[in-house]
Amino acid sequence: MLRRPAASVHIRDEKRVDIGGIGHCDGGSVDLSCRWDSFRQRDKNQMSDSMQQKLADLEAASRLLEPASNQRSQLTDSATEHAEEFLSTLEDRAAYDASEEPGAALDGSPIAEDPIAVDQALALFSESVVRPGIAPASPKHFGYVPGGGIYHSAIADYLAAVSNKYAGAYFAGPGAVRMERMVVKWMAQFLGYPETAAGDLTSGGSIANLLAIITARESAELKARHFENSPIYITAHTHHSVMKAMMCAGVRECPVREIVLDQQMRMDAEALESMIAADLAAGLNPWLIIATAGSTDVGAVDPLPEIADIAAENGVWLHVDGAYGAPFALCASGKAALAGIERADSITIDPHKGLFLPYGSGALVVREGAKLRNAFRFDAHYMQDMPAPADTDDASAMDMSLELSRHYRGLRLWLPLQLVGVKPFRAALEEKMLLARHFHARVSEIDGFEVGMAPDLSIVTFRYLPKAGDPNDFNKKLVNAIQDDGECFISSTRIDDKFMLRLAVLCFRSHREHVDRFVDILLREIGRLRERSPFC
Ligand SMILES: *Cc1c(COP(=O)(O)O)cnc(C)c1O
């Protein structure tokens, strides 16, 4: 005998809601059994006319999710046309656009039942999203840490989305998992890691830092009761995502030792050594050093060989945050600047910075990959069809991260590497380092500038010293003037209470002409400011 299904659905809205011919709702809940009796009375194999009609209607409506071949071509043509227009005008576009009410036009087209035309959608995107704010794709974007956006990766994302391959588990996407492992291995190799290394492609450096701290915590077998006695070592220039990650990893009670910086804005290794010795003498349990390879403020690389020695002697996990700097290990000058990075227990590296990928690409690489897997492997009953990965290198992304379903990130790195080879990446990184030195040398020669240290990688800090008045005030006005002009974009930072301007060369499209153009704009804006207040 058939049993009545006892399903009921809670509906938020108080109105009567038609839920598609199989029930109705007068208020808080729906009784799905209400049509059951009439079902039973009919021929059991015969679907009612109204049901047939309903399914046909729903099918017709849902088929709009699958455009026909000619419609697909039209969509693709519109999108490529849009991209071509964008790319061919990029040189002349502002690197920064401070429009009023940026993006407000989006509200004019609310999410609705009925569609709008593709041209209208792309126009909205252009005007409301692409134009306002920073243009990270621009060769004249020198602010913060510039981004990438190589075209091959855009094509890869398109193909990844169309096939929608699942890259979280080997069972579901063996090729996708292999490809991701291959690009992680490639990064591990150029960072100087051994075969034991494994890693995960994350959405960015912040998540990679989080995974690193959790892996270190699990590897040290730290429990909450140990935290108070287990210090972590950082500097004032450690990226703020590390502090966030500590909070998320639940280790906020660990004492955080801020190691002083030396003259070059790098972690003072001697100070680190004595701090750890003092902590050990006090009966504490030092467990984590976070060094930075390419600080966001000044691009400084902490003294990795010395720090690695200290970490090894004291059995402390060394994590190197190389979100910005680690990709430079691919080129000869960068490799030299990053010597010792291969001795870290884990490294954060952001392909959406120095490997020129579009946003959404970070990575964590762990020297002993098994430690990463030990921290994140989990089983669930509904995944019983998936064979347990062997302990060696059979692991999939889901065994090495917080994520389960996720973007298939490997293809956007693999495809460009296959289509252009490694050489252009290496050349571009070497070029960016040289361009930063070129800028440093040029500005050092101009009267009135105070220039920060010679760049370890590709960030230069500098400021103009006016003859009279507050230099902080003048440089704040200067950065505002450059941003208002918008042709080039730079940002600023504060070092020892000095308001410093900051040029970061990292966009793959930035070449000598763009850096020189920035120097022209810099001098022009200083001239204008001085005209307005002739005493400076
Ligand atoms: C950019 C950066 C981060 C954060 O990475 P996201 O990819 O923005 O999440 C962390 N550390 C350093 C040194 C960085 O430069």
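Each ligand, and each atom within it, is numbered from 1 in the order the structure gives. None of the values given here were measured: they were computed from a predicted structure. Sequence positions, counted from 1, serve as the residue numbers for this chain.
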Query raised in the report: Testing Thr202, Asn209, Asp321 for side chain to side chain donor-acceptor pair (under 3.5 Å) with Thr348, which one passes?
Result: Asn209

Requested in this report: Provide the number and element of each atom of ligand 1 under 4.0 Å from a heavy atom of Tyr324.
Outcome: 15 (O)

Query - Proximal ligand 1 atoms for Ser241, defined as those under 4.0 Å from one of its heavy atoms - result: 10 (C)

Requested in this report: Applying side-chain hydrogen bond (donor to acceptor under 3.5 Å, both in side chains), name anything that partners Asp516, two or more places apart in sequence or on another chain.
Outcome: His438, Arg442, Arg512

Query raised in the report: Looking only at heavy atoms, what is the nearest atom pair of Ala332 and Glu430, with distance?
Result: N-OE1, 3.3 Å

Query raised in the report: What is the ring orientation for Phe462 with Phe439, classed by angle as parallel under 30°, tilted 30 to 60°, or perpendicular over 60°?
Result: perpendicular

Query - Glu91, Lys140, Arg509 screened by side chain to side chain donor-acceptor pair (under 3.5 Å) with His514, the one that passes - result: Glu91

**Report entry** Ligand-side contact atoms (ligand 1) for residue partner Gly204, heavy atom cut-off under 4.0 Å
**Finding:** 7 (O), 9 (O)

**Report entry** Identity and separation of the nearest protein heavy atom to atom 13 (C) of ligand 1
**Finding:** Asp321 OD2, 3.4 Å

Report summary line: One finds that the ligand 1 atoms under 4.0 Å from a non-hydrogen atom of Asp350 are 5 (O), 6 (P), 7 (O)

Report summary line: Of all heavy-atom pairs linking Lys432 and Phe508, the shortest is NZ-O, 3.4 Å

Report summary line: Of Lys244, Lys353, His237, His240, the residue with the heavy atom nearest atom 8 (O) of ligand 1 is Lys353

Query raised in the report: What is the closest protein heavy atom to atom 6 (P) of ligand 1, and at what distance does it sit?
Result: Gly205 N, 3.3 Å

**Report entry** Test side-chain hydrogen bond (donor to acceptor under 3.5 Å, both in side chains) applied to Ser126 - qualifying residues, sequence neighbours left out
**Finding:** His82

Query raised in the report: For ligand 1, which atoms sit closer than 4.0 Å to a heavy atom of Thr296?
Result: 12 (C), 13 (C), 14 (C), 15 (O)

Report task. Starting from atom 9 (O) of ligand 1, find the nearest protein heavy-atom neighbour and note its residue, name and distance. Result -> Ser206 OG, 2.6 Å

